[in-house]
Every structure is written in structure tokens, then in C-alpha cells.
S.K.: 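Structure in C-alpha cells, see below.
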Amino acid sequence: MADKIIVFIDLEATGLDTSRCDIIQLAAVCEESVFNKYTVPQQNLTESATEVTGFRVQSGRLFRRDSPVETVPIDDLLTSFIDFLRSFRRPVVLAAHNVMRFDAPVLTRVMKKYDLFLQFQQVVSGFLDTFLLSKRLFPGISGYSQVSLVRNFLGKSYDAHNAEEDAKMLQELYNVWRPDQSRVMANTFKVNEKYFY
DNA sequence: TGCCAGGCCCTCTTTAGGGCCTT
């Protein structure tokens with residue numbers, strides 16, 4: 001684990017169905033390095049995703065809360081994300097909240113769809129699930145959503161469902177928690193193609 | 001027509017059900 005570097009990520013998507021949703025925003029944070037890109041999804045957002053994320057597509061353009069957002073094609077987003085991860089020149093562990101139930105299946109499926117999974121697998125060694133980690137670290141607290149964890153441990157509210165802000169807050173939480181290596185290892189999972197979606 | 005994610009975890013469990021967490 002010592003040779004690895006943890007990159008905190010978050011993605012916003014058109015819905016919760018990991019077998020078919022499209023990525024809208026992908027963000028990654030590692031100390032002061034930040035990656036954040038948007039793409040126009042190919043399918044409509046579910047009603048709840050529109051409500052929760054504030055994204056909508058109109059005339060082929062992406063808007064968040066009525067402000068236009070600069071976008072790139074999805075394959076550009078994915079390749080530049082891999083380039084960003086490769087720039088650390090160390091095996092990367094991608095950390096996200098509930099990553100095993102959402103971000104990992106989506107990322108894996110989409111990387112495979114664009115023939116980028118092998119490249120992805122070459123730079124990413126595992127996924128660290130901070131949702132599972134937080135439940136092990138702090139049993140019995142009132143809730144484990146990222147919003148409630150940020151409120152309880154950092155004492156602030158933030159622009160949730162903006163992937164960049166979510167990733168930055170997750171890094172702050174992790175830095176406050178300072179979990180020992182055995183806890184981190186126990187909640188880190190290998191990258192493979194067998195995610196259920 | 002009517003449905004619409006789904007695996008993990010917990011417990012008033014195991015011949016099961018419901019809540020959590022992600023968008």
C-alpha cells in the first residue's frame with residue numbers, strides 16, 4: 001500500500017442504474033492536483049437524477065442549475081482521466097463513497113465500452129470504498145452518507161453533487177480520519193471486469 | 001399493464017424483509 005497513491009474521485013451520472021447510466025461529470029483529486037470534466041450524456045437523466053444533480057441537457061448542451069457547462073466528448077474525458085492518473089507514476093487506488101456499488105461498476109463498464117479498460121487497469125490497482133470504511137471506523141453513528149459525514153466530522157455543508165466538491169470533501173474526510181493501513185486494505189478491492197451490472 | 005438498481009448489512013434472521021448508499 002505504501003507504494004500506492006490514493007486519488008479521490010466522484011462521478012455524476014444520468015441515474016442510479018449502473019448497468020446503463022451515462023457519465024455526466026467525472027472529478028478526481030489528489031492533494032492539490034485536480035481533474036474535472038463534463039460530457040453531454042447520450043440518454044436523458046432520470047427525474048430524480050435531474051432533481052438531485054441539477055443537470056439538464058437542452059439543444060445538445062449541458063447545463064447545471066441553468067448555467068451552461070463546458071463539455072468534451074466522452075472518449076476524451078476517459079482518456080484524459082487515465083492520463084491524469086498515469087501522471088502520478090505510481091499505482092493508483094481510486095477512493096469514492098460507495099465506490100463498489102456505484103462508481104466502480106459504471107467506470108468499468110464505460111471503460112470497456114470505449115476499449116480503454118486495459119489502459120485503465122494498467123494505472124489503477126484498486127478501489128477504496130469510503131462508505132464501507134466509515135462504517136467500520138465509526139460504528140453506531142447516525143448516518144454514513146457523505147453529506148452527513150462531512151457535517152459531523154468537518155462541521156460544514158457544501159455543494160454536494162458537484163463531483164469536484166464531493167471529491168475534495170472526501171479527501172478532507174480521509175485526512176481527518178487518518179485510518180491505519182489495515183483498515184484501508186480491508187476496504188480496498190481489486191480492479192476486475194466482473195462487476196455485476 | 002405495470003413495473004422500473006441492487007448488493008450489503010442488520011436483526012424482532014437463516015423458510016426474510018427492510019433500510020442504506022450511490023445518481
Side-chain angles (χ1 to χ4, degrees), chain A residues 7-29 36-57 62-65 69 71 74 77-78 81 93-113 124 126-154 157-174 177 179 183 185-197:
Chain A
V7 175
F8 298 86
I9 66 163
D10 186 47
L11 63 84
E12 306 301 319
T14 53
L16 287 171
D17 186 345
T18 56
S19 69
R20 59 184 300 272
C21 67
D22 283 346
I23 292 173
I24 298 173
Q25 180 188 14
L26 178 59
V29 172
N36 182 30
K37 288 191 187 297
Y38 301 84
T39 192
V40 179
Q42 294 181 333
Q43 60 187 292
N44 293 329
L45 283 77
T46 64
E47 197 173 318
S48 65
T50 301
E51 189 176 326
V52 163
T53 67
F55 286 114
R56 66 183 170 85
V57 177
L62 180 67
F63 293 80
R64 184 173 192 257
R65 293 180 185 155
V69 175
T71 58
I74 179 65
L77 179 149
L78 297 174
F81 177 58
V93 170
L94 294 181
H97 210 58
N98 213 18
V99 70
M100 296 314 290
R101 295 264 51 80
F102 188 73
D103 307 70
V106 173
L107 266 181
T108 302
R109 172 175 56 82
V110 176
M111 288 291 178
K112 286 169 69 176
K113 179 179 177 182
V124 177
F127 293 109
L128 168 58
D129 196 318
T130 55
F131 169 62
L132 299 175
L133 176 66
S134 66
K135 291 210 289 189
R136 302 297 189 281
L137 288 174
F138 312 108
I141 63 175
S142 59
Y144 300 90
S145 70
Q146 188 170 326
V147 167
S148 58
L149 291 169
V150 166
R151 186 175 55 240
N152 290 338
F153 285 92
L154 304 178
S157 57
Y158 69 104
D159 187 13
H161 292 292
N162 176 335
E164 182 177 338
E165 288 303 304
D166 275 322
K168 284 179 175 174
M169 284 301 116
L170 199 59
Q171 178 172 250
E172 279 195 42
L173 276 175
Y174 188 87
W177 293 345
R183 290 283 195 181
M185 292 287 286
N187 294 284
T188 300
F189 305 88
K190 284 185 178 176
V191 177
N192 66 60
E193 299 183 59
K194 296 176 188 170
Y195 295 122
F196 21 81
Y197 45 72

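Just so we're clear, the structure is a prediction, and the values are computed from it rather than from any experiment. Just so we're on the same page: letters track the sequence lines, and every chain starts at 1.
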S.K.: Which whole-number value in Å describes the distance from A/Leu133 CG to B/dC21 P?
M.R.: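 For the pair A/Leu133 CG and B/dC21 P, the rounded distance is 14 Å.
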S.K.: Send over the distance from A/Leu107 CG to B/dT22 P, rounded to a whole Å.
M.R.: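 From A/Leu107 CG to B/dT22 P: 16 Å.
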S.K.: Between A/Glu164 and A/Lys168, does any NZ, NE, NH1 or NH2 come within less than 4.0 Å of an OD or OE carboxylate oxygen?
M.R.: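 Result for this pair is yes, salt bridge flagged.
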S.K.: So what does A/Leu11 hit on the nucleic acid, given a heavy-atom distance under 4.0 Å: a base, only sugar-phosphate, or nothing?
M.R.: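 Touches sugar-phosphate only.
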S.K.: So if I apply the side-chain contact (heavy atoms from CB on, under 4.5 Å) rule between A/Phe55 and each of A/Leu45, A/Thr14, A/Val40, which one comes out positive?
M.R.: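 Only one of A/Leu45, A/Thr14, A/Val40 forms a side-chain contact (heavy atoms from CB on, under 4.5 Å) with A/Phe55, namely A/Leu45.
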S.K.: Quick one: label A/Ser48 by what it contacts on the DNA or RNA (base, sugar-phosphate, nothing), any heavy atom closer than 4.0 Å.
M.R.: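 Base, at least one base atom sits under 4.0 Å.
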S.K.: Considering only the C1' atoms, how many Å lie between B/dT23 and B/dA16, rounded to the nearest integer?
M.R.: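 Nearest-Å result for B/dT23 against B/dA16 at atom C1': 28 Å.
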S.K.: Report the distance from atom CZ of A/Arg109 to atom P of B/dT23, rounded to the nearest whole Å.
M.R.: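 Taking atom P of B/dT23 as the reference, CZ of A/Arg109 is at 15 Å.
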S.K.: Please write out the pairs of protein N or O atoms and N or O atoms of nucleotides 9-13 of chain B separated by less than 3.5 Å, giving the distance to one decimal.
M.R.:
{"residue": "B/dC9", "atom": "OP1", "partner": "A/Arg136", "partner atom": "NH2", "Å": "3.0"}

S.K.: Taking A/Asp129 for its side chain and A/Val99 for its backbone only, find out whether a donor-acceptor pair lies under 3.5 Å.
M.R.: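 Yes; at least one donor-acceptor contact below 3.5 Å.
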S.K.: Please report the distance, rounded to the nearest Å, between CZ in A/Arg101 and P in B/dG19.
M.R.: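 So the CZ-P distance, A/Arg101 to B/dG19, works out to 19 Å.
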S.K.: To the side chain of A/His161, which of B/dA5, B/dC21, B/dT23 is closest?
M.R.: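 Taking heavy atoms from C-beta onward, the closest nucleotide is B/dT23.
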S.K.: If the C1' atom of B/dC9 is compared with that of B/dT14, how far apart are they to the nearest Å?
M.R.: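 That atom pair is separated by 14 Å.
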S.K.: Can you check the distance between B/dC4 and B/dG18, where both ends of the measurement are the P atom (answer in whole Å)?
M.R.: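 Roughly 14 Å separates the two P atoms.
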S.K.: Could you state the atom-to-atom distance from CZ of A/Arg20 to C1' of B/dT22 in whole Å?
M.R.: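 Between C1' of B/dT22 and CZ of A/Arg20: 17 Å.
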S.K.: Which word best sums up how the rings of A/Phe138 and A/Phe153 line up, parallel for under 30°, tilted for 30 to 60°, or perpendicular for over 60°?
M.R.: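 A/Phe138 and A/Phe153: tilted rings.
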S.K.: In terms of side-chain heavy atoms of A/Asn98, which of B/dC21, B/dA5, B/dT23 is nearest?
M.R.: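 Closest nucleotide to the A/Asn98 side chain: B/dC21.
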S.K.: Which is more 5' along DNA chain B, the nucleotide nearest A/Asp17 or the one nearest A/Phe131? Just name the residue.
M.R.: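 Upstream on the strand: A/Asp17.
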S.K.: Checking A/Ser134 against A/Leu173 for the side chain to side chain contact (heavy atoms under 4.5 Å, CB included) test, could you report, in this order, the C-alpha distance in whole Å, the side-chain angles of both residues, the deciding distance, and whether it holds?
M.R.: CA-CA 10 Å; A/Ser134 66; A/Leu173 276 175; over 6 Å; no
S.K.: For the P atoms, the ones on B/dG19 and on B/dC12, what distance do you get once it is rounded to whole angstrom?
M.R.: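 That atom pair is separated by 14 Å.
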S.K.: Determine yes or no for a side-chain-to-main-chain donor-acceptor pair under 3.5 angstrom, with A/Gln43 supplying the side chain and A/Arg20 the backbone.
M.R.: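 Checking the backbone N and O of A/Arg20 against the side chain of A/Gln43, a donor-acceptor pair under 3.5 Å is found.
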S.K.: Can you see if the side chain of A/His97 gets near the phosphate of B/dC21 - specifically, an N or O under 4.0 Å from OP1 or OP2?
M.R.: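 No, no such contact exists.
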S.K.: Rounding to an integer number of angstrom, what distance separates B/dT13 and B/dC8 when you compare their C1' atoms?
M.R.: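 Nearest-Å result for B/dT13 against B/dC8 at atom C1': 15 Å.
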S.K.: Classify the nucleic acid contact of A/Asp10 as base, sugar-phosphate or nothing, counting any heavy atom under 4.0 Å across all strands shown.
M.R.: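 If one applies the 4.0 Å heavy-atom cut-off, A/Asp10 turns out to touch the sugar-phosphate alone, with no base involved.
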S.K.: Starting at CG of A/Leu16 and ending at C1' of B/dC21, how long is that distance when rounded to a whole Å?
M.R.: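 Value for this atom pair: 9 Å.
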S.K.: A side-chain contact here means heavy atoms from C-beta on lying under 4.5 Å apart; do A/Leu132 and A/Phe189 qualify?
M.R.: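 Yes, at least one pair of side-chain atoms sits under 4.5 Å.
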S.K.: Starting at CG of A/Asn44 and ending at C1' of B/dT23, how long is that distance when rounded to a whole Å?
M.R.: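 In whole Å, B/dT23 C1' and A/Asn44 CG are 15 Å from each other.
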S.K.: Quick one: A/Met169 CE to B/dC21 C1', roughly how many Å, whole number?
M.R.: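 The answer, rounded to whole Å, is 19 Å.
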S.K.: Going by distance alone, is a donor N or O of one side chain under 3.5 Å from an acceptor N or O of the other, for A/Asp10 and A/Gln25?
M.R.: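 Not at all, the side chains of A/Asp10 and A/Gln25 share no donor-acceptor pair under 3.5 Å.
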